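Read the structure below first, then the notes.
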Amino acid sequence: MKKIFTITFLSLLMAFGGCKKAIDEQPISEGTLSTFLRSSLEADAALAGMYGEFQQTMMGDGQYQNRQMWWGESRSDNWERRDTYSVNSTDEIHLNGLTALNTWADWTFLYSTISRANLLIKKIPEVKDYAPIGTIGALTQAKEASYMAQSYAMRALCYFWIARVWGDAPLRLEPYEKLGDQAEQAKDPQAKILDQCIKDLTTAYDLTLKNQTPVTWYLGEGAICSIMADLYMWRKDYANANIWFKRLFAAKAPTGKVYNASGIGADGSGGALTDLQPGTTWNTQFVNPATSVETIFYINWDFLANGCACMAGTSRTDNEPFIRMADPLWTDWPRKSVQLYGTVSATTDLRVKQTYNITSATNQPIRDRSVWKLYAGNYVAPTATAGYNFTPTIYNSSLPGTRETNVYAPMYRLSGMYLLYAESLNKIGDRANAVKYLNLIKARAGVPQVVATSFTENTLEMEILQERQYELFGEGVRWFDLVRTDRVKEVMDPILIARQSSRGNPAVGWGSDKRRYYWPLATRVLYSNSLLVQSQPY
C-alpha cells in the first residue's frame, strides 16, 4: 500500500493510533478514539493505516528488518550468515540457537496491525450512524462490505503468521478503546487461533464481491482464497484446501483474467501455461505485478514515501548484507538443468539468472551481492554458442546503480499456489494431476518435465518442495514448507552439523525437539505482558 498521504491523511492516521507495545497497546485518549471513524474519508485513512502497518511489518522499519524473510525463510536452507558481518541474531539463526534476545523474536508489529484491523471491524459499521447513506461523508454499502472484508482478512493473515512463527499466542478480537481496557492477556492455543482465522476468512469471502478485477495491493477475492488454502494445507486438511484452491481459480487477477477457469471443477482439472507469466519475462511479475496474470497479493514499497527498501538478502543497498544465499542452493540450482551451447554448458532454467548473479563480474564477491530477483532487467535469448542471459538495469560494476527503487514484495502468486495444489493432490493420492500442475511450473521455467510413475508420494512431495524452493526463493515460504511437511530435521540436519562443526561446536544438528520449530517470545514482549510465559524449550 503506497504511503503517500496528504497532511489531512496523516493527521487521521495519527488519530488512529498505532501504539507498538506488543499486546498491551493503549489508546492515545478516550476522546480521540470515540470521535474517530465517522466518515468515508476517515475510513479510507484507517484502512490505509492498516495496510501501511502491515507493510512496515513485512518489509521493515529499518535496514535489514524485512520480517517476511526472517520469519518465513531465514531458518531454512535458503540462507546462511556472512561471517564477516554476522551479528548475534543472525548467528543464532545460523546455528539454530534462538534466544529471547533475538531481534526478530518480537511479534509487536503483527499485533499492531491486528489492533488496527480490530478497530476497523468495530467502527466501520458505525460510520453510517454519523454519515447516513446519501449524505456528505457517507460510506456506501459496497465500500463498507469491502472494508470489512479486508479488515477480517488482514486480521486472519496476521494471526496466521503468528500461529506459524510462535504457535500459541494471545487472541485479541476487540480494539482498545478505553484507558481502562484490560491490556494483558495469556496465550491461546494455536488451534484456537487457526479456527478464528478460518472464521474471519469465511466472513471476508462472504462479504467480498466476486469476479471483480482486484487491486494488487489489497486483500481481494483471490488473496482471501489463497490464505485460506494455505491455512488448510498447514492443518493438513486437503479436502478443504482443494475447495479453496478451486475458488481461487475462479477469481480474477489484476489483469482481469480469471486465474484458471477450467480448474474450478473436479480436483486436478484445468491448468495451462497461459495461466502463468511466460518464462522469458518471469521477472516482470516482480517489477510490474499489476500487469501479470499470476499476481494475487503483493506489498508495494515506494521509495519516495518510504526510502530504501534495504531488505536483507533480497534487496539492494550499498551496505554489506548480513546474509547470503546458502550452499548447496547457490551451487546446485544452476547445475540442475543444463544444455551445451557450442562448447559452453549453461543452465536452461529461466529463473536462475533472473533471480541471482552467477555470471556478472563485480568489485564485490558475486556470492555476497547476488540476489536481484525483485529488480528490473533485460532478458537475452540463448544462441548456438551461449545460454540465455539476464542483465539487471540498476547495476553498475560493483553495486546497484541506485537503491532508490520501488520494490514489490509478493505475498501470494499463482505459481506458488499451483505448486501447493500439486502438494495437496499428491496427499490425496492423485499423483497424475499433482505432476500435471508441477509440470506447468517446470515447463514455464524451461526445465525437463517429469512423469508420475517415477515417484512415490514421499519422493513426489520432495520434488514439489524443491520446485517451490526455486520458484519462490526470497518470498518467505521455505521455512513454512519444511515445517508443514515435517522435513526440518531431514533437510537441516546435515547443514547444521556442518555449520556447528566449522565453529568447533558440538555437531548436534537440528535435534529432536519439534517445539523448536517455533520462535521464543522476545524479552520485551514478556516484560510488556505479565500473563505471558516463555515458550518451551526456551
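Every heavy atom of this structure was used, including side-chain atoms; hydrogens, water molecules and symmetry mates were not. Everything numeric here is computed off the predicted structure, so don't read it as measured data.
Tested against E80, the residues R499, H94, R324 include a single side-chain hydrogen bond (donor to acceptor under 3.5 Å, both in side chains) partner, R324. When each of Y421, F245, W244 is checked for a side-chain contact (heavy atoms from CB on, under 4.5 Å) with M233, only F245 meets the rule.
Taking CG of L329 as the start and OG of S76 as the end, the distance is 9.0 Å to the nearest 0.5 Å. Here the straight-line distance linking atom CG of L47 with atom OG of S146 works out to 7.5 Å at 0.5 Å rounding. T485 OG1 to W234 CH2: the interatomic distance, rounded to the nearest 0.5 Å, is 9.5 Å. L465 contributes atom CG, which lies 9.5 Å from atom CG of L460 (distance to the nearest 0.5 angstrom). Residue S424 holds its OG atom at 12.5 Å from CG of L419, rounded to the nearest 0.5 Å. In this structure, the separation between CG on N283 and CG on L350 is 12.0 Å, given to the nearest 0.5 Å.
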Working note: I358 + V352, criterion side-chain contact (heavy atoms from CB on, under 4.5 Å); need CA distance, chi angles, decisive distance, verdict. CA-CA 8 Å; I358 64 170; V352 171; 3.9 Å; yes

Evaluation steps, ring-ring contact (aromatic ring centres under 6.0 Å, His included), between Y298 and Y408: CA-CA 6 Å; Y298 281 55; Y408 310 113; 7.7 Å; no

Run Y238 and Y232 through ring-ring contact (aromatic ring centres under 6.0 Å, His included) and show every step you take. CA-CA 7 Å; Y238 306 112; Y232 275 120; over 10 Å; no

side-chain hydrogen bond (donor to acceptor under 3.5 Å, both in side chains) for Y375 and N406? Distances and angles first, verdict last. CA-CA 9 Å; Y375 296 88; N406 292 349; over 6 Å; no

Given the rule in the side-chain hydrogen bond (donor to acceptor under 3.5 Å, both in side chains) test, do D349 and S337 qualify, once you have shown the distances and angles that lead to the verdict? CA-CA 6 Å; D349 192 328; S337 174; over 6 Å; no

side-chain contact (heavy atoms from CB on, under 4.5 Å) for T90 and T103? Distances and angles first, verdict last. CA-CA 9 Å; T90 51; T103 302; over 6 Å; no

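Looking at W301 and Q55, their side chains never bring a donor and an acceptor atom within 3.5 Å of each other. With no hydrogens or angles considered, no side-chain donor-acceptor pair links T295 and T216 at under 3.5 Å. Residues N378 and T391 have side chains that never bring a donor and an acceptor to within less than 3.5 angstrom of each other. Counting only N and O atoms by type, the side chains of D91 and N88 include no donor and acceptor under 3.5 Å apart. Under 3.5 Å, the side chains of D44 and Y147 contain a donor-acceptor pair of N or O atoms. Judged purely by distance below 3.5 Å, without hydrogens or angles, the side chains of T281 and Q277 pair a donor atom with an acceptor atom. No side-chain donor-acceptor contact under 3.5 Å links N389 and Y379. Between the side chains of N78 and Q469, at least one donor-acceptor pair of N or O atoms lies under 3.5 Å.
Between D267 and L425, some side-chain heavy-atom pair lies under the 4.5 Å cut-off. M492 has its side chain out of reach of N96: every pair of non-hydrogen atoms, C-beta onward, lies at least 4.5 Å apart. Contact annotation: the side chain of M69 approaches that of S74 to within less than 4.5 Å [non-hydrogen atoms, C-beta and beyond].
A salt bridge links R164 with D230: the closest approach of a Lys/Arg side-chain nitrogen to an acidic carboxylate oxygen falls below 4.0 angstrom. At a threshold of 4.0 Å, the pair D481-R484 counts as salt-bridged, since one of the basic side-chain nitrogens sits closer than that to a carboxylate oxygen.
Applying the ring-ring contact (aromatic ring centres under 6.0 Å, His included) criterion to W161, with sequence neighbours excluded, gives F480. F286 meets the ring-ring contact (aromatic ring centres under 6.0 Å, His included) test with W282; sequence neighbours excluded. Under the salt bridge (Lys or Arg N to Asp or Glu O under 4.0 Å) criterion, R444 pairs with E294, E471, sequence neighbours left out. Residues satisfying the salt bridge (Lys or Arg N to Asp or Glu O under 4.0 Å) test with K257, not counting sequence neighbours, are D275. Not counting sequence neighbours, E92 has no partner by the salt bridge (Lys or Arg N to Asp or Glu O under 4.0 Å) test. Not counting sequence neighbours, the partners of Y356 by the ring-ring contact (aromatic ring centres under 6.0 Å, His included) test are W330, W333. In this structure, the ring-ring contact (aromatic ring centres under 6.0 Å, His included) partners of F322, at least two apart in sequence or on a different chain, are Y64. Among residues two or more places apart in sequence or in another chain, the side-chain hydrogen bond (donor to acceptor under 3.5 Å, both in side chains) test is passed with Y517 by D486. Partners of R75 by salt bridge (Lys or Arg N to Asp or Glu O under 4.0 Å), not counting sequence neighbours: none found.
Counting only distance, with no hydrogens or angles, the side chain of N102 and the backbone of L98 share no donor-acceptor pair below 3.5 Å. Looking only at distances, no side-chain donor or acceptor of T459 sits under 3.5 Å from a matching main-chain atom of F455. A side-chain donor-acceptor contact under 3.5 Å links R67 to the backbone of Q56. In this structure a side-chain-to-backbone donor-acceptor pair under 3.5 Å is present from Q68 to P410. In terms of modelled atom types and a separation under 3.5 Å, the side chain of W217 and the main chain of Y51 share no donor-acceptor contact. One N or O on the side chain of E73 and one on the backbone of E475 form a donor-acceptor pair closer than 3.5 Å. Judged by distance alone, the side chain of R413 and the main-chain N or O of I296 form no donor-acceptor pair under 3.5 Å. A donor-acceptor contact shorter than 3.5 Å links the side chain of N260 to the backbone of G271. Side chain of S292 to main chain of P289: no donor-acceptor pair is present (N/O by atom type, distance under 3.5 Å, no hydrogens or angles). With hydrogens and angles ignored, the 3.5 Å screen pairs a side-chain donor or acceptor of D430 with a backbone N or O of N433.
Screening residues 453-466 for salt bridge (charged side-chain N to carboxylate O under 4.0 Å, His left out), with sequence neighbours left out, gives K427-E457, K427-E461, K442-E463, E461-R487. For residues 216-225, no pair satisfies salt bridge (charged side-chain N to carboxylate O under 4.0 Å, His left out), with sequence neighbours left out. Screening residues 282-292 for salt bridge (charged side-chain N to carboxylate O under 4.0 Å, His left out) gives no qualifying pairs among residues at least two apart or on separate chains.
With Y388 as the aromatic partner, K353 meets the cation-pi criteria of under 6.0 angstrom to the ring centre and within 45 degrees of the ring axis. Cation-pi geometry between K210 and Y205 is met: under 6.0 angstrom from the ring centre, within 45 degrees of the axis.
Between F390 and G377, the shortest heavy-atom distance links the atoms CZ-CA, 3.4 Å.
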